[in-house]
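Worksheet: one structure, shown below.
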Amino acid sequence: MKMAWLIMILIAGWATPISGDTADSPKDQRPEGFVPLFTGRDLDGWDGGEVKPPEDFAKMSYQDWYNYRNAMSEGVQKHWKVKDGELVAKGNGPDLVSWDTYGDFEMWVDWKVASNTDAGLGFRFGSQIKLQDSDHDDESEGLSTKGSGGLWSNQIHHRTPMKRMDKEAGQWNSMFVRLVGPHVTVRINGEAVIDQAIFENPFDRDQPIEPKGPIHLQCFAGEISFRNLFIRELSDAESNERLTEIAGQEEAFESIFNGKDLSGWAGALQGYEVVDGTLRCRRRDGGNIQTEKQYSNFVVRMEFKLPPGSNNGLLIRTPNTEPTHTRDTLEIQILDDSHIMHRHLGPSQYHGSAYGFAAAQRGYLRPVGQWNYQETYVKDDHIKVVLNGYPILDTRLKEIAPDHPAASTKRGHFGLSGYSDPVAFRNMRIKEIQ
């Protein structure tokens, strides 16, 4: 996956934080822990742009890029103004696009629209929250009579607001947005209108949205004003907590690692250690360790942290508790995809793949040293992997490897396969399913 927006990132110089403690309506107030996206004085931190897939930017020549930037700059000067501490857009001009890119975050923004306005907020290269004059009836949009806050770019997953909470044209509204993985929550004037819905990738609906991207302020017709734009990036621990909440049914899972010792595990126990409540493969050691208990169909949830270039794996229904590999076992790859030493691997050897058989979507690991959250689903020959909220693998072994013993194995141990790298695991729990 290409993150071509890196071409467009400049160094943003944020203004001195604005004082205040809420984002509800008076200008120049912000909630605790948030930083301003808009100085209130100028367009520092923003450029003009359009909604395009990242690959389109990557294909641009230098001259194309130069011309594009000039056209966008002229469009911003024509359609966007800073007036009395507010960002005001008129007509169908280019988007205002943040210099910085964001992964998981919480955001506050106030807005008001003039009559017949069609506008929005864009995230992760194309996924859009609709902002509009909801009294203007335009059935072609499908969202206009239901209020602002709908997920305009969605076609498959939930799209429409649960209720109308925006005020009539000319009045200020306050919006809270939380984006964790592909899951988005929208509150308008204190009420939820979208609750942890999945944001779709409008350019490829078979692939999840990008894990990171700029923020777009949009005006397609009419006039919209913005103020009180504040953002707070979520830590990996906060994101993982939210993802657990979104996945639900946590009470049905049982721990398979107690955070103290290797009770309940067998195999190459000398190759692992418990450090600060985490299970970690020893450097220059490792091997296979497996749960003493066997499982048929199950879901495993865990967090893991990768050192640079590291390699490990999840063993699925391994038939024994031997410390070395057996060809009868399926392995789900745990790997630092970003390291140059792995650049020549095959597609089905990267993180989340059914090793050697089915390739996972790449690009959804967090940076080295951060905790990732992963859920692995195993039912009969059906294998699914969800990484940091993004579905990256969904395959059936009997279709991709009908002759492999793992395709017909009904029961076995769950385990880890270490390769001398100090990959760390924590919050490991399992739920048996029918």
Side-chain angles (χ1 to χ4, degrees), residues 1-4 6 53-55 58-59 201 203-204 206-212 281 284 286-288 290 300 302 304-319 322 324-368 370 372-378 380-409 412 414-423 425:
M1 181 175 299
K2 299 176 181 177
M3 290 299 294
L6 292 175
E55 291 77 11
K59 295 174 184 176
N201 181 339
F203 302 112
D204 185 352
D206 292 330
Q207 181 171 295
I209 62 171
E210 296 281 345
K212 197 170 185 179
C281 183
R284 294 182 293 278
N288 293 351
Q290 301 88 2
V300 170
M302 64 173 61
F304 65 91
K305 182 167 62 174
L306 296 170
S310 56
N311 186 6
N312 204 292
L314 307 183
L315 303 177
I316 306 300
R317 296 197 192 114
T318 185
E322 295 299 317
T324 54
H325 263 307
T326 169
R327 68 174 298 274
D328 295 338
T329 299
L330 175 73
E331 179 180 343
I332 303 298
Q333 182 74 299
I334 302 287
L335 186 79
D336 170 23
D337 284 0
S338 66
H339 202 280
I340 192 172
M341 67 184 291
H342 299 313
R343 67 189 183 280
H344 298 308
L345 294 180
S348 62
Q349 294 177 295
Y350 287 105
H351 181 85
S353 298
Y355 187 85
F357 298 109
Q361 297 278 5
R362 295 184 63 191
Y364 296 97
L365 281 167
R366 294 182 182 141
V368 164
Q370 293 186 15
N372 295 273
Y373 181 94
Q374 183 163 301
E375 181 172 294
T376 305
Y377 170 97
V378 180
D380 301 325
D381 72 322
H382 190 190
I383 310 293
K384 293 191 293 187
V385 177
V386 180
L387 173 65
N388 298 323
Y390 304 94
I392 62 170
L393 179 71
D394 190 341
T395 191
R396 289 191 173 273
L397 298 180
K398 289 182 179 178
E399 295 177 1
I400 60 172
D403 298 327
H404 192 279
S408 55
T409 298
F414 172 78
L416 303 176
S417 185
Y419 296 92
S420 306
D421 302 314
V423 178
F425 300 86

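Just the heavy atoms: all of them, side chains too, but no hydrogens, waters or symmetry mates, feed the values below.
- Partners of Asn311 according to the side chain to side chain donor-acceptor pair (under 3.5 Å) rule, which considers only residues two or more places apart in sequence or in another chain, do not exist here.
- Distance CG/Leu365 to CD/Gln370: 11.0 Å, rounded to 0.5 Å.
- Under the salt bridge (Lys or Arg N to Asp or Glu O under 4.0 Å) criterion, Asp421 pairs with no residue at all, not counting sequence neighbours.
- Atom CG of residue Leu387 and atom CD1 of residue Ile392 lie 4.5 Å apart, to the nearest 0.5 angstrom.
- Side-chain atoms of Tyr373 and Val386, non-hydrogen and from C-beta on, never get closer than 4.5 Å to each other.
- Counting all heavy atoms, side chain and backbone alike, Phe357 lies closest to Leu330 at CD1-CD1, 4.1 Å.
- Note that CE of Met302 and CD1 of Ile334 are 6.5 Å apart. Values are rounded to the nearest 0.5 Å.
- By the salt bridge (Lys or Arg N to Asp or Glu O under 4.0 Å) test, Arg317 pairs with no residue at all, sequence neighbours left out.
- By the 4.5 Å heavy-atom criterion applied to side chains, Cys281 and Leu416 are not counted as neighbours.
- Heavy atoms only, all atoms of each residue included: Ala359 and Ser353 are closest at CA-OG, 3.5 Å.
- Each ring pair (Phe, Tyr, Trp, His ring centres under 6.0 Å) pair with one or both residues in residues 333-354, not counting sequence neighbours, appears once here: Phe304-His351.
- With respect to the salt-bridge test (charged N to carboxylate O, under 4.0 angstrom), the residues Asp381 and Lys398 do not qualify.
- When all heavy atoms are compared, the tightest approach of Pro391 to Pro208 is O-CG, 3.4 Å.
- Here the rule is side chain to side chain contact (heavy atoms under 4.5 Å, CB included) with Asn288, and of Leu315, Thr318, Thr329 only Leu315 fits it.
- Closest of all the heavy-atom pairs between Pro422 and Pro307 is O-CG, 3.3 Å.
- Between the side chain of Ser310 and the main chain of Leu306, no donor-acceptor pair closer than 3.5 Å is present.
- Remark: Asn201 pairs with no residue by the side chain to side chain donor-acceptor pair (under 3.5 Å) rule, at least two apart or across chains.
- Between Phe425 and Asn312 there is a side-chain heavy-atom pair separated by less than 4.5 Å.
- Scanning both residues, Ile332 and Thr376, for their nearest heavy atoms gives CG1-CG2, 4.5 Å.
- Remark: Asp394 pairs with His382 by the side chain to side chain donor-acceptor pair (under 3.5 Å) rule, at least two apart or across chains.
- Side chains of Ile316 and Phe414 form a contact here, defined as non-hydrogen atoms less than 4.5 Å apart.
- Applying the 6.0 Å contact sphere to OH of Tyr390 captures more than 12 heavy atoms from other residues, nucleotides or ligands.
- The two residues Arg366 and Asn372 make their nearest non-hydrogen contact at N-OD1, 2.9 Å.
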